[in-house]
Amino acid sequence: MKPSHRALLKVLVLVPSATIGSLLAIGPGGLVSYSPATRVSVNCLLAYWISIPLVVGVLSFRSARLRSHLVASAVFAFPVVIHIGKAVTNLLLLPAPEVEHTSLNTAADLAEMMLLAGMLLALSLCYSRRPLVEHASRAMLFALLFLMVPLALRGIIWFAVLPVLSTATLTAFIWIQLLIAEMLFLVVLFLLPRMRTQELPLDRGYFASGVLMLMISVLMLSLYHTFGLFGWEFSETVMMASFVVLSLGTGTPYLRRMGHGRQQAYGLILGLVFVFYLPLLITIGIESSGLSFIPPAANLLAYSIIHIGAGSLSAMMAILLFLYSKYRPSWTYYPLVLIFGLWASLSVVLLISFVSPSFLILGEPTALYIVGAILTLVLLHVAARYEKSPPKREVSTTRMLAAFSVCVLLSIIGESVNQLFLLTNPSYIDSLLGEAALLVLSLAVMLAFTYVILLLAKRPKGETSASLYMALLLAIWILPSVLKSYYAVWTLGWWVSEILLLMGIIAGPPILAWLYVKALNESNELYERSSLFADLLMHDVTNYNQMLMTSLELLGSTDLPAGRRARVAADGRQIISFAERLIQNVRLLTETDRVRTADLEPVNLVAAFVAALDYFTKKVGSENVVVEFDPERADCPVLADQHLVHAFLNILYIALEKGIEKVSIKAEIRLVDQVEDDYWAVTIRTSGVPIEAIPDRLDRGVRGRSSLGVIAARRILEHFRGTLIVSDTTDQGKTTYIVQIPVHAN
């Protein structure tokens with residue numbers, strides 16, 4: 001399937017599915033609540049979901065300081081700021097029974113969509129025209145201006161324009177905004193095929209689907225205002241679906257570019273989406289069922305059980321991680337030890353504050369959650385930096401204890417400042433302004449959490465690190481502060497946040513145990529591979545040496561005919577070539593574990609195969625090789641490195657190793673269209689006896705030299721996201737090798 005057809009298929013599937021799903025959700029599904037708490041949670045969710053493209057833009061700018069990346073970051077930061085502002089506005093309306101959606105709200109929402117459409121157009125232009133994709137000067141000033149101008153225009157429309165418009169003028173203004181927004185969105189779709197996705201990770205199918213959903217959202221909002229059709233809830237739900245699709249359309253290609261497989265990439269992005277959805281799901285369940293009106297019930301015993309369990313499990317995680325770091329030394333684990341130790345200490349402080357009211361007279365110490373979450377993100381960022389460039393010095397227990405003491409002290413100081421401020425300003429006690437400040441800080445922490453997660457996902461070879469698992473686990477600890485910002489102490493929403501905290505802690509030890517078992521299996525496999533390599537080098541190289549000595553003795557004989565002498569000399573040359581290839585394969589298998597996906601560069605597949613053929617014919621003699629090569633194109637780009645040539649060499653040597661005097665090679669390169677990716681398929685047919693059964697793993701008795709060559713080729717191709725399929729035709733005495741490597745779009 002061609003890329004354009006694949007993108008069209010996504011649009012045809014996603015847009016109708018999202019539209020119908022939104023109708024079902026607000027209709028028969030009844031997933032609608034008009035309480036201020038639900039409106040707060042909805043806008044928080046919208047800010048969370050669109051933060052994934054924002055983080056991708058920021059990380060892209062970190063990799064290449066291009067002006068276009070700044071534009072992308074500002075474009076997706078605009079709706080984040082808008083929806084955080086809406087969440088705070090709705091939070092200040094908590095005493096009201098319901099939130100009303102007026103005509104002014106409709107006009108303001110359309111103004112935001114119109115401005116977002118204009119910013120998306122600027123994004124499309126930046127990535128479709130090379131002069132606009134260049135290094136940025138005064139980067140921060142440029143990004144701030146590009147973000148602040150639309151925000152200022154939105155403020156002018158809300159405060160200066162909308163209040164003075166009559167009803168008829170307001171309706172006309174709404175339809176003018178609709179036409180402008182729809183035209184801008186159409187231009188964005190027109191420019192989408194020209195966008196240079198090698199600079200910004202972008203899936204065109206998802207991006208087009210997201211833009212079309214925004215167009216539907218704008219249209220439905222205008223129809224609701226003028227004719228009362230569908231309802232503003234439907235427009236909002238479609239916009240939520242659009243933000244999810246845009247998250248998939250940027251986050252998944254970014255992770256694929258970092259070396260993760262398709263399932264890993266989708267799993268991580270959908271995991272973030274679901275984690276962000278959790279507070280809204282809880283809020284809708286509480287508010288729509290009327291459970292929020294249940295009188296609050298204080299239960300110190302239940303609270304004590306939760307925090308004793310959370311504190312003890314956190315301490316256990318810190319100890320286990322410290323012991324794990326001794327078994328498998330890595331600087332990455334020490335910041336994680338500090339994180340779990342910090343939360344264990346905070347659980348103790350929270351418990352003391354509730355059990356001893358005289359210790360803390362102003363209720364739950366919410367500042368501890370904020371300071372603890374900020375310190376957690378800082379330590380996670382340190383862990384990500386240590387994965388890339390760990391310090392050279394040895395870890396010091398004294399320094400660990402000092403860092404732990406500083407983290408706990410900072411948390412206590414933060415809460416002490418909060419308590420002193422409230423004592424000196426009692427008017428702010430139980431004030432919604434304080435809750436709004438807590439909400440904004442919580443949202444900022446969660447947005448930073450998304451950044452750290454995708455930063456940790458940037459791993460060599462696409463491997464998922466222990467730090468990433470721990471960071472995802474810590475999301476359950478950070479989320480409760482969002483719920484606590486609009487649910488009072490002892491209410492149902494507050495209790496749910498406490499249960500979330502306990503769930504996150506309980507999930508920790510099993511994850512760490514799984515990582516420990518995984519490390520043991522990797523260690524055992526490494527030991528078995530080392531033993532196998534030593535056996536191969538000692539056994540097979542010795543055999544090659546004996547064969548070579550026999551050939552030299554025959555060549556030294558004066559009774560050997562000239563024709564026979566030439567044959568013995570050719571055999572000796574092949575023996576030397578086989579021994580060299582065996583040693584090379586052992587070296588390749590040890591090197592492939594150190595291949596970094598980030599270091600791969602565009603390589604011409606045709607040139608790599610031709611280079612392998614040239615080297616092969618020089619080693620074995622061109623008179624012994626018959627080659628037919630038919631590539632579909634002269635330029636077949638893939639992401640790879642110099643090891644790709646060795647993968648092809650292994651396949652060619654296997655044909656020679658079967659004792660064929662003259663090797664016949666027929667090769668072709670064709671483009672294979674699949675649903676998700678396009679592949680270059682290299683089909684190589686060689687003469688000779690088919691090779692023996694090839695095990696998939698090195699620890700299943702691999703002893704044949706041909707098997708080792710195929711395994712080395714497979715391991716190399718796996719790092720290029722490629723595959724090797726071996727098939728044979730027994731009656732014809734031929735073997736076919738099919739190499740598939742994803743197309744790299746220039």
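For this chain, numbers begin at 1 and follow the sequence in order.
No side-chain N or O of Ser22 forms a donor-acceptor pair with one of Thr19 less than 3.5 Å apart. One side chain, Thr226 or Trp175, offers a donor N or O that lies under 3.5 Å from an acceptor on the other.
Judged by distance alone, with hydrogens and angles left aside, the side-chain atoms of Thr252 form no donor-acceptor pair with the main-chain N or O of Gly249 at under 3.5 Å. Listed for the Tyr48 side chain is no donor-acceptor partner under 3.5 Å among the backbone atoms of Tyr277. Between the Asn90 side chain and the Ala87 main chain, no donor and acceptor come within less than 3.5 Å of each other. Judged purely by atom type and a 3.5 angstrom limit, Ser242 has no side-chain atom pairing as donor or acceptor with the backbone of Val238. Judged purely by atom type and a 3.5 angstrom limit, Thr38 has no side-chain atom pairing as donor or acceptor with the backbone of Tyr34.
Put simply, CG on Leu178 and NE2 on His225 are 11.5 Å apart, with the number rounded to the nearest 0.5 Å. Here CG of Leu246 is found 9.0 Å from CG of Leu202. Values are rounded to the nearest 0.5 Å.
Ring pair His101/Trp232 is parallel by interplanar angle, where below 30° counts as parallel and above 60° as perpendicular.
With sequence neighbours excluded, no residue forms a side chain to side chain donor-acceptor pair (under 3.5 Å) with Trp158.
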Q | Chi angles and distances behind the side-chain contact (heavy atoms from CB on, under 4.5 Å) call for Phe207, Val188 | A | CA-CA 10 Å; Phe207 192 81; Val188 171; 4.0 Å; yes

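Screening residues 104-117 for salt bridge (charged side-chain N to carboxylate O under 4.0 Å, His left out) gives Lys86-Asp109, Lys86-Glu112, Glu112-Arg154 as the qualifying pairs, with residues at least two apart or on separate chains.
Checked for salt-bridge contact, Glu236 and Arg39 meet the test: a charged N lies under 4.0 Å from a carboxylate O.
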